[in-house]
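Below is one structure, written out as structure tokens; comments come after it.
Note that the numbering runs from 1 along the sequence shown for the chain. Keep in mind the model is a prediction, meaning the values are calculated, not measured.
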Amino acid sequence: MDQKTWQVEQFERQRPQLQAVAYRMLGSVTEAEDAVQETWLRLNRSHGDGIANVGGWLTTVVGRVCIDMLRSRRSRREELVGSWMPEPIVSVDERLDPEQEALLADAVGIALLVVLESLTPSERLAFVLHDMFAVPFSEIAPIVDRTPDATRQLASRARRRVRGAAPAPDADVRKQREVVDAFLAATRTGDFDALVALLDPDVVYRADGGPAAGRELRGVDAVSSYVLTNGPRFAPYCTPALVNGGAGFVVKRPTGQRAVAGLTVVGGRITEIDLIIDPEKLRAIELRD
């Protein structure tokens, strides 16, 4: 086997993990694909010279690429108003292809990606690589220009933020679906009491479009009022779906307007509703008529 063929085979073997790392770092399938492509170009330019551990080398490179992309994103944050939500991974028929399954391993839900977006690039990398992919701090440290102990502290800070803001959803997706179905039914009929019974007292609603774009609604009173005021005209066009591995729904109106909602269900109640309307985030998603 020549060097080029070996290089291609090694890269393709690592591609699913590289894509998964990049998606967790960037919250965008499109940007993750760009990061993986840049990683391939760097491997190609290196000719494989002196690379003893190809998997580790590629993970390090994709991490560096993602940090650069996150820093660039932050420097132009003012251009991204209304587009801060992640790009969702959606399956209307509840079946995921192998690439989607790799992206969704370990249940990287919309709510978790929103919290990760609030971290610094270095905190995010330390948390993603160590907590999600078991990369040792000694290997992460050079990427973030810190000592292993300082890198451990980065991950620890990130972990506390994640645990406090993104509790783990209920494991049974079927039970999640029952809650989401009941939510849609209450929204369609305007049943205030039924809706309130489904919402956690501290429920959070976020959206990247519509009247609540760019801000959070918190608490059962604010969220239920908003949902019952704005939801009934959309509810008839909602179809249940898997959104980042959890229960959610897609909206496709006759006007062509589309949206994707990821709902986090904890203890049988909805703790977060994340609505993605931005067409750029939905352009790669096929929604059933």
Using every non-hydrogen atom in the two residues, find where [X] and [Y] come nearest and quote the distance to one decimal.
{"X": "Val266", "Y": "Pro169", "answer": "CG2-CA, 4.0 Å"}
{"X": "Ala186", "Y": "Ala194", "answer": "CB-CB, 4.0 Å"}
{"X": "Arg124", "Y": "Glu117", "answer": "NH1-OE1, 2.9 Å"}
{"X": "Met25", "Y": "Ile67", "answer": "CE-CG1, 4.3 Å"}
{"X": "Ala247", "Y": "Gln176", "answer": "N-OE1, 3.0 Å"}
{"X": "Ile140", "Y": "Thr151", "answer": "CG2-CG2, 3.7 Å"}

Residue pair Thr59, Leu129: steps toward the side chain to side chain contact (heavy atoms under 4.5 Å, CB included) verdict: CA-CA 9 Å; Thr59 299; Leu129 289 187; 3.8 Å; yes

Do the side chains of [Y] and [X] get nearer than 4.5 Å, heavy atoms only?
{"X": "Lys175", "Y": "Asp170", "answer": "no"}
{"X": "Val260", "Y": "Val243", "answer": "yes"}
{"X": "Phe183", "Y": "Val227", "answer": "yes"}
{"X": "Val114", "Y": "Ser118", "answer": "no"}
{"X": "Cys66", "Y": "Leu125", "answer": "no"}
{"X": "Arg73", "Y": "Leu26", "answer": "yes"}
{"X": "Asp181", "Y": "Pro240", "answer": "yes"}
{"X": "Ile273", "Y": "Val223", "answer": "yes"}

Are [X] and [Y] linked by a side-chain donor-acceptor pair shorter than 3.5 Å?
{"X": "Asn244", "Y": "Tyr23", "answer": "yes"}
{"X": "Thr264", "Y": "Glu272", "answer": "no"}
{"X": "Arg160", "Y": "Ser156", "answer": "yes"}

Would [X] end up clustered with [Y] when hydrophobic side chains under 4.5 Å apart are linked, directly or stepwise?
{"X": "Val204", "Y": "Val196", "value": "no"}
{"X": "Phe133", "Y": "Leu18", "value": "yes"}
{"X": "Phe137", "Y": "Val62", "value": "yes"}

Working to the nearest 0.5 Å, report the span between [atom1] of [X] and [atom2] of [Y].
{"X": "Phe192", "Y": "Leu195", "atom1": "CZ", "atom2": "CG", "result": "7.5 Å"}
{"X": "Thr120", "Y": "Leu154", "atom1": "OG1", "atom2": "CG", "result": "6.0 Å"}
{"X": "Arg13", "Y": "Leu58", "atom1": "CZ", "atom2": "CG", "result": "11.5 Å"}

Evaluate Arg253 against Tyr237 for side chain to side chain contact (heavy atoms under 4.5 Å, CB included), listing each step before the verdict. CA-CA 6 Å; Arg253 302 184 75 191; Tyr237 309 108; 4.0 Å; yes

Indicate yes or no for a side-chain donor-acceptor contact from [X] to the backbone of [Y] under 3.5 Å, with no hydrogens or angles considered.
{"X": "Arg258", "Y": "Leu282", "result": "yes"}
{"X": "Asp208", "Y": "Met85", "result": "no"}
{"X": "Asn44", "Y": "Trp40", "result": "no"}
{"X": "Arg177", "Y": "Ala241", "result": "yes"}
{"X": "Arg24", "Y": "Ala20", "result": "yes"}
{"X": "Arg188", "Y": "Ala235", "result": "yes"}
{"X": "Glu87", "Y": "Thr30", "result": "yes"}
{"X": "Thr60", "Y": "Gly56", "result": "yes"}
{"X": "Thr39", "Y": "Ala35", "result": "yes"}

Using side chain to side chain contact (heavy atoms under 4.5 Å, CB included), reason through Asp149 and Gln153 one step at a time and then give a plain yes or no. CA-CA 6 Å; Asp149 284 344; Gln153 290 302 312; 6.0 Å; no

N-O pairing of [X] and [Y] below 4.0 Å:
{"X": "Glu123", "Y": "Arg157", "answer": "yes"}
{"X": "Asp202", "Y": "Arg218", "answer": "no"}
{"X": "Arg174", "Y": "Glu178", "answer": "no"}

Which is it for His130 and Val135 under the side chain to side chain contact (heavy atoms under 4.5 Å, CB included) test, yes or no, and what are the steps along the way? CA-CA 5 Å; His130 182 267; Val135 178; 5.7 Å; no

